[in-house]
Amino acid sequence: HRGGLFSGEIEVDEAYMGGKEASKHASKRKHLGRGPSGKQPVFGMHQRSGGVRAFPIDGTDRVKLQSAIVENVKRGSTIYSDSHAGYDGLRGYSHFAVAHSVGEYVRGQAHTNGIESFWALLKRGYVGVYHQMSVQHLHRYVNEFAYRQNTVHSDTLACLNGTIDGMSGRRLSYKELTT
């Protein structure tokens, strides 16, 4: 992964992106119920001493979530999560969870406030700026907000240089973007 593995204290969480069923045209409604039904899961990590990394993920079962952690976080790091069953049995890491379902949001150093803050910014961008993010291009929107979060304390010149470095050797044609 670009930037290497995260290490140290890492908060992990998943969010679900997609519009509300009630806001969709009748022909687009899936009638799957409330909550995350019909939405695209996005997995995110916040390194407390550093940045954010987030990306769409195929599901939120144990295999998918723990594979994402293993691929992005150095073994021996401390993982903080909520009590989602997908994090149960995580091996090779110190793991602490808070139980949001019973009103527990902080227990000592165990909390997911950093990654939850990132989700709030991403979702505010969804509602207030873009109004719709297609599943096909969701990774681009998520990358944009992660980049913004990771450069929030950088000066303008550093941000411009980072953008140019990220573009170097890459090309995205309009045809590729729209097909």
Side-chain angles (χ1 to χ4, degrees), residues 1-18 36 39-61 64-84 86-87 90 92-98 100 105-168 170 172:
H1 283 277
R2 192 175 201 174
L5 295 176
F6 278 2
S7 63
E9 295 182 307
I10 314 298
E11 299 171 19
V12 299
D13 195 26
E14 66 288 336
Y16 299 87
M17 300 301 293
K39 296 184 180 187
Q40 173 64 48
V42 178
F43 180 71
M45 296 163 282
H46 172 251
Q47 181 173 272
R48 288 188 179 169
S49 64
V52 168
R53 185 174 294 160
F55 46 87
I57 195 166
D58 292 334
T60 59
D61 58 72
K64 299 237 175 27
L65 291 177
Q66 292 189 19
S67 294
I69 292 169
V70 168
E71 291 171 16
N72 288 280
V73 180
K74 184 178 178 182
R75 295 242 183 222
S77 297
T78 301
I79 303 292
Y80 298 108
S81 72
D82 57 20
S83 57
H84 186 291
Y87 303 116
L90 185 61
Y93 304 90
S94 296
H95 178 225
F96 301 93
V98 290
H100 295 327
Y105 294 93
V106 178
R107 185 178 7 88
Q109 290 297 310
H111 63 79
T112 57
N113 294 344
I115 193 66
E116 295 285 356
S117 176
F118 174 72
W119 295 140
L121 292 171
L122 177 63
K123 289 179 179 186
R124 186 69 233 154
Y126 181 99
V127 171
V129 177
Y130 295 110
H131 311 300
Q132 195 260 339
M133 296 178 182
S134 69
V135 172
Q136 177 185 1
H137 298 293
L138 182 59
H139 67 285
R140 291 185 172 98
Y141 292 102
V142 172
N143 285 341
E144 175 190 347
F145 277 85
Y147 180 76
R148 287 181 188 193
Q149 181 71 24
N150 293 334
T151 58
V152 72
H153 298 296
S154 299
D155 63 33
T156 303
L157 191 56
C159 287
L160 286 172
N161 286 332
T163 301
I164 292 167
D165 289 345
M167 293 172 19
S168 185
R170 298 176 135 189
L172 178 63

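In this structure, Arg107 contributes its side chain and Ala97 its backbone to a donor-acceptor pair below 3.5 Å. Of the possible polar contacts, none joining the Thr151 side chain to the Ser154 backbone as a donor-acceptor pair under 3.5 Å is found. A donor-acceptor pair is defined here as one N or O able to donate and one able to accept, closer than 3.5 Å; such a pair exists between the side chain of Tyr93 and the backbone of Val73. The main-chain N or O of Cys159 is found under 3.5 Å from a side-chain atom of Tyr147 such that the two form a donor-acceptor pair. With hydrogens and angles ignored, the 3.5 Å screen pairs no side-chain donor or acceptor of Glu9 with any backbone N or O of Gln47. For Ser77 (side chain) and Gly8 (main-chain N/O), a donor-acceptor pair under 3.5 Å exists by modelled atom type. With hydrogens and angles disregarded, a donor-acceptor distance shorter than 3.5 Å links the side chain of Glu11 to the backbone of Gly114. A donor-acceptor distance shorter than 3.5 angstrom exists from the side chain of Asn150 to the backbone of Val52, with no hydrogens or angles considered.
You'll find the side chain of Val42 stays beyond 4.5 Å of the side chain of Ile57, heavy atoms only.
Atom CD of residue Gln136 and atom CD of residue Gln40 lie 12.5 Å apart, to the nearest 0.5 angstrom. To the nearest 0.5 Å, atoms CG (Asp13) and CE (Met45) are separated by 11.5 Å.
Heavy atoms from other residues, nucleotides or ligands lying under 6.0 Å from CG of Asp58 number 12 at most.
If you check the side chains of Tyr105 and Thr112, you find no donor sitting under 3.5 Å from an acceptor. Under the 3.5 Å distance criterion, with hydrogens and angles disregarded, no donor-acceptor pair is assigned to the side chains of Ser83 and His100. Using a 3.5 Å distance cut-off with no hydrogens or angles, the side chains of Tyr87 and Glu14 do pair a donor with an acceptor.
Across all their heavy atoms, Gly44 and Ile115 have their closest contact at C-CD1, 3.6 Å. Considering all non-hydrogen atoms of both residues, Phe118 and Ala54 come closest at CE2-CB, 3.7 Å. The heavy-atom pair separating Arg53 from Gly4 by the smallest distance is NH2-O, 2.8 Å.
Partners of Phe145 by ring-ring contact (aromatic ring centres under 6.0 Å, His included), not counting sequence neighbours: none found.
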